[in-house]
Each structure stands twice: as C-alpha cells, then as structure tokens.
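The block underneath contains the structure these notes are about, expressed in structure tokens.
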Amino acid sequence: MKYTLLALSLAAAFAHAADTPAISGVDTQYIDAKVRPQDDFFTHLNGKWLESTEIPADQSRWGSFNQLRDDALAQLRSIIEGLQARKDLNVEEKKIAALYASFMDEARLETQGVKPLSGELGRIRAMKDKKALPGMIAHLNRIGVPVPYSIGVSQDARESTKYAAYMSQGGLGLPDRDYYLKKDDAKMADALAKYELHVAKILELAGFKDGAAQAKAIVALETKLAEVQWTRVENRDPVKRYNKTPIAKMGDIAPNYDWKQALSEAGVATKTDYVIVMQPSYLAGFDKIAQDTDLATWKAYFSWQLLRDASPYLSKPFAEAHFAFYDQVLAGVQKQPPRWKRGVQLVEASIGEGLGKLYVARHFPADRKERMQKLVQNLLAAYKQSIDSLDWMSPETKEQAQAKLAKFTPKIGYPDKWRDYTALQFSAGDLMGNVHRAANFNYNRNINKLGRPIDRTEWGMTPQTVNAYYRPTANEIVFPAAILQPPFFDARADDAVNYGAIGAVIGHEISHGFDDSGSQSDGDGNLRNWWTDADRANFKAKADALVKQYDGYSPLPGYYVNGKLTLGENIADNSGLAIAYKAYKISLNGQPAPVIDKLTGEQRFYMGFGQVWRTKMRPEAQLQQVKTDPHSPGQFRANGTVVNQPGFYEAFGVKEGDKLYLKPEDRVIIW
C-alpha cells in the first residue's frame with residue numbers, strides 16, 4: 001500500500017496536461033553515436049555538444065549550470081534596470097537601484113583612481129607598532145577584506161540550539177596553499193611568479209614606490225601562512241575542526257597574541273565566553289609568524305589585501321589588472337564580463353534576498369514550490385525504504401539513521417521570512433563605500449546572532465541561485481527557486497528524465513546528511529557518534545573504495561581528482577542517483593515505462609542525470625578545480641557515478657569488456 005500511495009504522490013508531482021503527450025526530455029541532438037554509452041556515457045550523451053560548443057569568452061567553463069546562471073543574470077538585470085526607470089520605488093528597491101547605479105557610473109570611477117581607499121590605506125599607514133595587529137585584522141574582517149584569520153557565527157556543531165563564534169584560517173591571495181608550496185609543479189610555480197608580479201603592479205598603481213620589493217615580502221609572508229594552514233582534506237573532518245576554547249584560554253593556543261583586544265574589537269568578547277577554533281595548529285603557527293614578521297611587511301600585506309579586494313570596484317587600470325591575473329591567468333577567461341553582469345553580481349552579493357524577492361515574484365510560479373515539496377517528500381520516502389534494506393548496517397544504526405531522516409527540514413524556492421535590510425545604506429555616488437557598508441552590515445548581522453535563539457527561517461543561498469545545499473547543524477536541505485527548470489526539471493517531459501535530474505539533485509542533498517562528514521551529526525544537528533563500531537567500519541571500507549575509484553580519474557595530463565577531497569560529493573552523487581532510481585521505479589507501480597524516442601524509461605532516467613553534468617572547462621580553471629573544489633569534474637560526476645549503479649548496467653546492457661564495466665563486487669553501493 002505504501003508503494004501505491006508513493007506512486008500516486010509522485011505522479012502528481014510530475015503531472016502535465018493530459019492532452020499533451022510527454023516528451024523524452026533528453027537532448028538527443030547531442031548524442032554521439034560513435035561513442036558507446038557502455039564505454040563513455042558522458043561523451044556518448046554530450047559528444048556533439050562538446051564538439052560544437054565554444055566556451056563564451058567571458059567564462060572559465062560552460063555547461064548546464066553556467067547557462068542557467070547566465071540566464072538568471074539577464075533576468076535580474078531586467079529587474080534592476082526596470083527599477084531605475086520607475087519613480088514609485090519602495091525603500092529596499094531604492095537601495096538596489098542605488099547600488100547598481102554606483103557600479104555602473106564608470107565615468108566617476110575613472111576620475112577617482114585609488115582615492116576611494118585613501119581613508120583605509122591611511123589607517124594602515126598609521127599603525128605604530130605590532131600591537132595594532134589584532135585591531136587591524138578585526139577591522140578589515142568587518143569590511144570583507146581577507147586577513148590571516150576570520151571570525152564568523154554559525155550554530156554550535158555540538159550544541160545546535162546555540163549560536164557560536166568560529167575562527168578559521170585565511171589570508172592567502174592564491175586559491176590554495178598548493179600554489180605556494182608545490183615548488184616542483186611547473187604550473188603552480190608559474191602562477192606564483194605571476195602572482196608576485198601582479199601584487200607589485202597593483203601596489204604601484206596605488207602609488208607605492210617600492211612595489212616589487214613589497215610584493216616579494218608579501219608573497220614570502222603568505223607562503224609562511226600557507227605552510228601552517230590545514231589542507232582542504234584535513235578541513236573536511238568536522239570533529240577535528242571542532243575545538244571549543246574559552247576566550248580566557250586562547251593564550252594557550254597562541255600565547256603572544258592579544259586575544260582580548262582581537263575578540264573585543266571583533267564584537268565577540270561581550271557576547272560569548274568561548275570560540276570554536278577550527279585549526280588550532282594554524283593559529284599557533286600564525287602567532288609565531290606574527291612575531292617574526294616586521295611591521296612594514298604587515299602594513300604592505302594589509303594594503304595589498306585591501307587593494308586586492310577593492311580592485312574590481314576601482315578605476316579601469318585596477319579592474320583590468322585584477323581581471324588579467326585572477327580571471328585570465330588563474331581561470332583562462334579571455335574577456336572581461338560586461339559591466340552589467342558584474343554589477344548584478346555585486347547586488348546579489350550585497351542585498352541578495354532583496355533582489356531575490358523581486359526575482360521570485362516574476363520568475364517562480366507558486367505551483368513550482370508545491371511540486372518541489374512533493375518531490376522532496378517522495379525522495380525522503382524512498383530513502384527511508386532504502387535504509388531499511390541495507391545489508392551492511394545493523395538494526396541499531398538503522399534506527400538512528402531513520403530518526404535522523406525523519407528530522408530533515410526541506411526548504412523550497414525562497415525563505416518564509418525575508419532578510420531585513422533596514423540598517424543597510426547605499427549611495428549612488430559611493431561605490432567603494434557601498435561595498436564596505438554591505439560587508440559590515442552582513443558581518444554585524446552575523447555577530448549579533450550570538451546569544452539569540454536560532455533563526456530556523458534563515459537561508460544560506462538566494463532564491464536566484466542555481467544550486468542546492470545541505471546544512472548539517474540544522475539538518476536541512478535547501479533548493480532555491482532557480483534550479484527548478486530544465487535541464488533539472490522539465491514540466492513537459494516524461495517522469496524518467498526528471499527523476500534522473502532533479503530527483504538525483506534532491507537525493508544528492510539528502511545523502512549529504514549521510515556522507516562521511518554529515519553522517520557524524522545526528523538529527524538535531526549535533527556532532528555525535530550514532531554508529532556502532534562495526535557499521536562505521538563497514539561504511540569506511542565503502543568510502544575508501546570510492547576514494548580509490550576517483551583518485552584514478554585525470555581531467556588534465558599529470559593531474560588527478562583528489563578522492564579524499566571530493567569524497568562527500570561523490571558519496572552524495574552515487575547515493576542520490578541510487579535513491580532517485582528507486583523512487584522512479586516505485587512511481588511506475590509495477591507497470592513498464594513508455595518508450596520515447598526509442599529510449600526506455602530506465603535509459604532516459606540515466607540520460608537525465610548525465611546531461612545535467614554537460615560541461616566544458618578551460619585548462620586553467622580545471623587545474624584550479626582539482627586543487628580547490630570538493631566536487632569532481634562533470635565528466636566524472638557522470639561516468640564515475642553510473643558505473644556503481646546496477647540499474648545502469650541493466651538499462652544499457654553493460655557487460656564485461658566494456659570500459660565502464662565494474663565487477664559487481666567492485667561497485668560501491670552505500671545508501
């Protein structure tokens with residue numbers, strides 16, 4: 001009976017007009033018949049697209065996500081520029097219009113050069129000794145400038161009913177510590193050398209007479225910081241990251257640093273008596289570096305970080321130099337995005353929910369939210385059934401897993417309560433001030449959570465974001481409005497492709513609650529071991545096999561996917577697709593799926609998944625992804641996932657000798 005009810009529910013979620021025949025939803029025009037799906041599913045499905053598509057000159061990559069994001073930017077531009085043409089704006093709309101206008105006023109910026117930063121640069125120059133370090137770091141952190149450590153507020157990972165202050169490492173101008181430390185890697189070494197030249201150029205544009213010498217000192221300082229930073233793999237462990245430390249005991253970690261001043265000026269000390277130090281050994285290393293580095297170098301470093309953060313909002317020489325390094329050198333982008341795109345992105349970053357409110361009203365029909373709510377409940381139901389059927393987990397741990405699943409909180413489309421921007425002020429004639437005021441507003445809003453009840457309505461993404469997420473401390477899965485459109489969801493299409501696309505996305509986010517990191521938190525969002533030792537060992541063995549599998553994938557000659565860094569996302573991809581397939585099979589209620597475009601329902605299901613990851617990437621961006629991104633490259637998210645799915649073997653007749661064939665005992669099946 002529960003299967004029948006679930007099938008009816010799913011049918012309602014994917015319902016289309018009765019007199020409109022469903023389409024397959026598969027972009028068959030991109031199929032490359034020369035490549036067998038059994039050998040390379042990604043290229044078989046997307047080959048003609050890969051051959052014919054050029055990455056736009058202003059992009060580092062191009063694919064399904066990028067197309068939707070680009071479309072959303074155009075929609076948002078229309079909304080913002082529509083505001084500028086109206087006279088009857090409310091207070092929030094006036095703020096959006098003023099911020100955008102300040103960015104688009106290029107003529108004003110060209111007359112100002114570095115002048116908009118004169119006050120902040122003067123503050124740095126006025127530092128008399130290193131006793132001013134804690135105060136300067138606190139101030140720059142408030143206005144969004146990268147510094148050696150940052151302070152933010154989130155739910156306490158062991159007491160999720162409370163907010164806590166977290167302290168984390170930072171302060172590098174390159175994407176990852178490897179760019180500083182991999183001296184034997186020619187690409188890393190080249191990027192580091194060009195980075196030093198870029199630092200010198202920006203300093204000289206700002207009027208520093210000894211830019212080259214200061215750039216060398218800055219890079220040397222950042223290299224020292226990189227040496228003591230934790231790797232991205234180390235930072236994936238939520239237990240190791242949780243180091244609750246009384247403020248009075250911070251001196252035990254870094255005895256030479258004035259934590260009283262640092263946390264007081266950060267606005268933390270009066271609101272809490274403890275912080276959670278995410279990388280204690282880094283703070284200890286930073287403490288020594290702070291003592292060993294002279295004041296002049298610190299001043300140069302702070303000036304550089306201020307200028308680096310501000311360059312996109314200054315006159316053309318700064319903006320173009322910033323683009324030439326960060327976009328061209330590090331990501332291979334050929335052309336600066338048009339100014340309107342950058343202006344829209346600034347509005348999104350600064351007053352995103354205010355803009356999102358207008359986006360939802362125009363581009364997110366109410367029925368989509370209702371449909372998505374049904375889909376999420378259906379996938380949760382399929383996950384519940386899957387947990388019951390696991391052969392590697394004991395009844396005791398299954399009971400705990402079910403308890404966690406039952407407490408999942410889905411959020412769909414947009415927040416129930418919109419963010420209040422009353423205290424945020426913008427001026428159409430002060431772009432740099434607007435940027436800093438927005439950062440300070442968001443910093444204060446965050447810090448002021450300390451001591452207050454948890455706001456369960458808060459979102460970590462705007463509605464216009466083409467993405468989704470799982471937050472372990474809240475045990476919530478969140479799906480912004482912008483993702484509920486083709487190729488993720490196509491209301492005209494037969495169910496199969498939608499299950500493979502948006503169904504797998506939903507399953508992916510649910511699975512994050514049970515990946516190697518998320519599985520260490522319980523249903524209330526608290527870090528707690530709810531596993532038996534034997535079950536955790538079984539889980540680790542499967543995870544280790546997945547690490548080994550993805551370690552073998554190479555998107556660039558000489559560079560491989562980091563299986564440990566990408567483990568959580570790979571678990572979520574594999575488990576999410578498996579759960580979506582079970583939900584799809586249940587929805588058929590024992591009946592065969594229709595054949596459309598000579599494709600079975602099972603084939604269309606996997607094709608729906610595979611075409612979502614249609615992606616091309618510039619080599620420079622691919623290198624940066626391998627070093628920094630916890631997600632595997634698109635081709636491996638497709639091929640690396642389907643090889644572990646028994647249903648894929650059945651749908652496409654994959655057999656021994658095919659390139660995507662794995663022996664049954666080698667397939668990693670977790671949830």
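What you see is a predicted model; the values in this text were computed from it and never measured.
When atom types are taken as modelled, the side chain of Ser311 and the backbone of Leu307 share a donor-acceptor pair closer than 3.5 angstrom. In this structure, Tyr421 contributes its side chain and Glu353 its backbone to a donor-acceptor pair below 3.5 Å. A donor-acceptor distance shorter than 3.5 angstrom exists from the side chain of Tyr163 to the backbone of Asp455, with no hydrogens or angles considered. Side-chain atoms of Lys95 come within 3.5 Å of backbone atoms of Leu424 as a donor-acceptor pair (strictly under, hydrogens ignored). Although no hydrogens or angles enter the test, the distance criterion places a donor-acceptor pair under 3.5 Å between the side chain of Glu509 and the main chain of Tyr470. Within the 3.5 Å criterion, the main-chain N or O of Phe103 finds a donor-acceptor partner in the side chain of Arg339. Checked by atom type and distance alone, the side chain of Thr473 never pairs as donor or acceptor with a backbone atom of Ala157 at under 3.5 Å. Judged purely by atom type and a 3.5 angstrom limit, Tyr443 uses its side chain to pair as donor or acceptor with the backbone of Ala266. Checked by atom type and distance alone, the side chain of Glu476 never pairs as donor or acceptor with a backbone atom of Tyr469 at under 3.5 Å. For the pair Arg86 (side chain) and Gly82 (backbone), a donor-acceptor distance under 3.5 Å is absent.
Between Lys341 and Asp70 there is a salt bridge, since at least one side-chain N of the basic residue sits less than 4.0 Å from a carboxylate O of the acidic one. Look at Arg437 and Asp430 and you find a salt bridge, because one of the NZ, NE, NH1 or NH2 atoms lies within 4.0 Å of a carboxylate O, short of that distance. For the pair Glu458 and Lys449, the salt-bridge criterion is met [side-chain N within less than 4.0 Å of a carboxylate O]. Classification of Glu54 and Lys616 as a salt-bridged pair fails, no side-chain N sitting under 4.0 Å from a carboxylate O. By the 4.0 Å N-to-carboxylate-O rule, Asp156 lies too far from Arg158 to be salt-bridged with it. Under the 4.0 Å criterion applied to side-chain N and carboxylate O atoms, Lys260 and Asp258 are not assigned as salt-bridge partners. With respect to Lys244 and Glu159, a salt bridge is recorded, a charged nitrogen being found less than 4.0 Å from a carboxylate O.
For the 3.5 Å distance criterion, the side chains of Ser168 and Ser150 qualify, holding a donor opposite an acceptor. Using a 3.5 Å distance cut-off with no hydrogens or angles, the side chains of Tyr166 and Tyr242 do not pair a donor with an acceptor. For the residue pair Gln279/Asn235, the side-chain donor-acceptor check at 3.5 Å is satisfied. For the residue pair Glu81/Gln84, the side-chain donor-acceptor check at 3.5 Å is not satisfied. Looking at Gln305 and Asp309, their side chains never bring a donor and an acceptor atom within 3.5 Å of each other. Residues Asp524 and Ser160 have side chains that never bring a donor and an acceptor to within less than 3.5 angstrom of each other.
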What side-chain donor-acceptor pairs closer than 3.5 Å can you find for residues 134-148, not counting sequence neighbours?
unit_1, atom_1, unit_2, atom_2, d
His139, NE2, Glu120, OE1, 2.7
His139, NE2, Glu120, OE2, 3.3
His139, NE2, Arg123, NE, 3.4
Arg142, NE, Glu265, O, 3.2
Arg142, NH1, Asn444, OD1, 2.9
Arg142, NH2, Glu265, O, 3.2

Inset, instruction - Report the C-alpha distance between Tyr359 and Tyr414 in whole Å, list the side-chain angles of each, state the deciding distance to 0.1 Å, and finish with yes or no for ring pair (Phe, Tyr, Trp, His ring centres under 6.0 Å). - result: CA-CA 10 Å; Tyr359 171 84; Tyr414 51 88; over 10 Å; no
Inset, instruction - Quick one: do Thr422 and Asp420 satisfy side-chain hydrogen bond (donor to acceptor under 3.5 Å, both in side chains)? Show the steps, please. - result: CA-CA 6 Å; Thr422 302; Asp420 181 0; 2.5 Å; yes
Inset, instruction - Please assess Phe286 against Trp259 for the test ring pair (Phe, Tyr, Trp, His ring centres under 6.0 Å), listing each intermediate value before the final yes or no. - result: CA-CA 13 Å; Phe286 162 73; Trp259 291 110; 7.3 Å; no
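Aromatic ring centroids of Phe318 and Tyr313 lie 6.0 Å or more apart. Two rings, from Phe488 and Phe65, have their centers less than 6.0 Å apart.
If you take CG on Leu375 and CD1 on Ile412, they are separated by 8.5 Å, rounding to the nearest 0.5 Å. Put simply, CG on Leu358 and CD1 on Ile96 are 5.0 Å apart, with the number rounded to the nearest 0.5 Å. Atom NE2 of residue His198 and atom NZ of residue Lys201 lie 9.0 Å apart, to the nearest 0.5 angstrom. In this structure, Ile218 CD1 and Lys299 NZ are separated by 13.5 Å, a value rounded to the nearest 0.5 Å.
Contact record, Ala321 with Leu205: CB-CD1, 4.4 Å, taken as the closest heavy-atom pair. The two residues Glu222 and Trp304 come nearest to each other via the heavy atoms OE2-NE1, 3.4 Å. Annotation for Ala482 and Val466: closest pair CB-CG2, 3.9 Å, computed over non-hydrogen atoms.
Few gaps surround CG on Asp367; more than 12 heavy atoms of other groups in view lie less than 6.0 Å from it.
Between His512 and His508, the ring planes are perpendicular. Angles over 60° get that label, and only those under 30° would be called parallel.
Listed by chain and number, the residues in a side chain to side chain donor-acceptor pair (under 3.5 Å) with His322 amount to none (sequence neighbours excluded).
With contacts defined as side-chain heavy-atom distances shorter than 4.5 Å, the pair Arg456/Thr409 does not qualify. Between Glu110 and Pro317 the shortest side-chain heavy-atom distance falls below 4.5 Å.
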